[in-house]
K.L.:
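Encoded as structure tokens, here's the structure I'll be asking about.
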Amino acid sequence: MRKETGIILAGSVGVLIGLTLFGVKKFLLKKSKEYDEYYADFHRHFERKNKDESNDGVEFLAVR
């Protein structure tokens, strides 16, 4: 194999590896975004609530 052919082959392999890593990263970020959109409402246990909201609860609504 000539020197130029080896350089071209190594460059091609490097580009393919780079594109593969970029594609995997994009795929994982997409999955993470779908997860965050679906579970966004379930993770509000530690959310700060406004004191202006009426937090009557189920017991108050049952008495009404």
Side-chain angles (χ1 to χ4, degrees):
M1 187 178 334
R2 293 190 331 185
K3 191 174 188 178
E4 294 84 13
T5 308
I7 292 172
I8 291 174
L9 186 62
S12 300
V13 170
V15 168
L16 286 175
I17 290 173
L19 288 175
T20 302
L21 292 176
F22 180 73
V24 168
K25 182 180 176 185
K26 273 293 221 198
F27 176 75
L28 292 176
L29 286 176
K30 180 182 175 196
K31 288 294 182 184
S32 177
K33 186 183 238 184
E34 289 174 0
Y35 174 84
D36 290 341
E37 287 175 359
Y38 180 75
Y39 286 106
D41 292 336
F42 298 114
H43 294 261
R44 293 188 178 180
H45 298 293
F46 302 106
E47 182 182 31
R48 294 183 181 178
K49 295 183 178 178
N50 294 335
K51 294 191 177 194
D52 298 336
E53 293 180 9
S54 73
N55 192 10
D56 297 331
V58 176
E59 294 85 7
F60 178 76
L61 295 176
V63 175
R64 286 175 106 190

K.L.:
Keeping to residues at least two apart or across chains, list the salt bridge (charged side-chain N to carboxylate O under 4.0 Å, His left out) pairs with something in residues 17-27.
P.N.:
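Not a single pair qualifies under salt bridge (charged side-chain N to carboxylate O under 4.0 Å, His left out).
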K.L.:
Through direct or indirect side-chain contacts below 4.5 angstrom among Ile, Leu, Val, Met, Phe, Trp and Tyr, which residues connect to Val15?
P.N.:
Leu19
K.L.:
Given a cutoff of under 4.5 Å between side-chain heavy atoms of I, L, V, M, F, W and Y, with clusters grown through shared members, what are the other residues clustered with Leu28?
P.N.:
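Same cluster as Leu28: Val24, Phe27.
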K.L.:
Which pairs of donor and acceptor atoms, one on a side chain in residues 3-10, lie under 3.5 Å apart (sequence neighbours left out)?
P.N.:
none

K.L.:
Share the residues that join Leu16 in a hydrophobic cluster, the rule being Ile, Leu, Val, Met, Phe, Trp or Tyr side chains under 4.5 Å apart at the heavy-atom level.
P.N.:
none
